[in-house]
2 protein chains.
Amino acid sequence: MKDGMLINPVRAVELFHALADQTRLQILDELKGGERCVCELMDCLEAGQSRLSFHLKVLKDAGMIVDRREGRWMYYAVNTEAFAELDALVDSFTHTKRTSRAPTRC
Amino acid sequence: MKDGMLINPVRAVELFHALADQTRLQILDELKGGERCVCELMDCLEAGQSRLSFHLKVLKDAGMIVDRREGRWMYYAVNTEAFAELDALVDSFTHTKRTSRAPTRC
DNA sequence: TTGACGAATCAATATTTGTTGATATATCAT
DNA sequence: ATGATATATCAACAAATATTGATTCGTCAA
């Protein structure tokens, strides 16, 4: 990711929110092993189709995953760029040192 | 953070959830400049006392910030360790390569 | 073209999260 | 002790998010 590029707070919230859920983390964890179709995710996560679809949409809207149709199947895969973005975001949090001023009491 | 140490999913959700809110990100951003008392945060975030207290608790429960009493004032500051943990967590996401197997169709 | 299948979307509902104003608690100054 | 101040907590409510089952849509096979 471009250095010095600021990620706006709205985007940051969207990213973190997408990750702030057990099911979605499981999905991402599974997708780390390569692309998967929905039915396979249903299997290994033991989640209903509708529920899964919902969470996949959240992840997709946040840009964390990408999809690809192949016939009747939809394949999902992690979007590497988004992870780089996340990495940069966390780094900017961790490393951005501001001129530390003393607290001003009320 | 210890290498190879796995962060459990529940903890990951807690961390990301704590960050998935505009107000809480603002708080952290402010605290990057050094420790602050609540009244000062109220000022610069233009947030009510009760609301702020709520979000500070979320951040504190997640271990993102620490507090310190000084007389009537409570001072909050970022907890560096938690940020290291976050960093490690994101890294583990980004870099953990699993043996990529082909997707198994239904 | 019809039927079956994989997946998205919708509507209803449940659950969780956030906000607000009121009250409680702790500490200080008098 | 009393009152003032800083903050936490609580209760009521509002808003956002997640779950479920039903329906719809797109694609394929016969």
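Just so we're on the same page: letters track the sequence lines, and every chain starts at 1.
Among V66(A), L31(A), I65(A), L59(A), the single residue meeting the side-chain contact (heavy atoms from CB on, under 4.5 Å) criterion with N79(A) is V66(A).
Atoms CG (D67(A)) and P (dG6(C)) sit 18 Å apart, rounded to a whole Å. If you take CG of D21(A) and P of dT17(D), they are 12 Å apart, rounded to a whole angstrom. Distance CD (E35(A)) to C1' (dG6(C)): 16 Å, rounded to an integer number of Å. E46(B) places its CD atom 15 Å from the P atom of dT19(C), with the value rounded to the nearest Å. Distance K57(B) NZ to dT17(C) P: 13 Å, rounded to the nearest Å. Nucleotide dA8(D) holds its C1' atom 15 Å from the CG atom of L41(B), rounded to whole Å. Atom CG of D61(B) and atom P of dA8(D) are 12 Å apart (whole Å). Rounded to whole angstrom, the span from the OH atom of Y75(A) across to the C1' atom of dT27(D) amounts to 14 Å.
Scanning both residues, A18(B) and R24(B), for their nearest heavy atoms gives O-NE, 2.8 Å.
Here G71(A) lies in heavy-atom contact (under 4.0 Å) with sugar-phosphate atoms only.
For R24(B), a side-chain nitrogen or oxygen approaches OP1 or OP2 of dG18(C) to under 4.0 Å. Between Y76(A) and dA8(C), a side-chain N or O to OP1/OP2 separation shorter than 4.0 Å is present. Remark: R51(A) is in phosphate contact with dT19(D), judged by side-chain N or O atoms under 4.0 Å from OP1 or OP2.
Electrostatic pairing of K32(A) and E30(A) does not count as a salt bridge here, judged by no charged N lying under 4.0 Å from a carboxylate O.
When the nucleotides dA18(D), dA8(C), dT7(D) are ranked by their closest atom to the side chain of S53(A), dA8(C) comes out on top. The side chain of V38(A) approaches dA8(C) more closely than any other nucleotide in the set dA8(C), dC28(D), dA26(C). Proximity note for H55(B) (side chain, C-beta onward) versus dA8(C), dT27(C), dT19(C): the nearest is dT19(C). Nearest nucleotide to the side chain of W73(B), out of dA18(D), dT7(D), dA4(D): dT7(D). For S50(A), taking side-chain heavy atoms from C-beta onward, the closest of the listed nucleotides dA8(C), dT20(C), dA22(D) is dA22(D). Among the nucleotides dT19(C), dA8(C), dT7(D), the one closest to the side chain of F54(B) is dT19(C).
Place L52(B) and H17(A) on DNA chain D by their nearest nucleotides, and L52(B) ends up nearer the 5' end.
Judged by distance alone, with hydrogens and angles left aside, the side-chain atoms of R51(B) form no donor-acceptor pair with the main-chain N or O of T23(B) at under 3.5 Å. Judged by distance alone, with hydrogens and angles left aside, the side-chain atoms of D67(A) form no donor-acceptor pair with the main-chain N or O of M74(A) at under 3.5 Å.
Residue side chain Q49(B) does not reach the base of dA6(D) through any donor-acceptor N/O pair under 3.5 Å, judged by distance alone.
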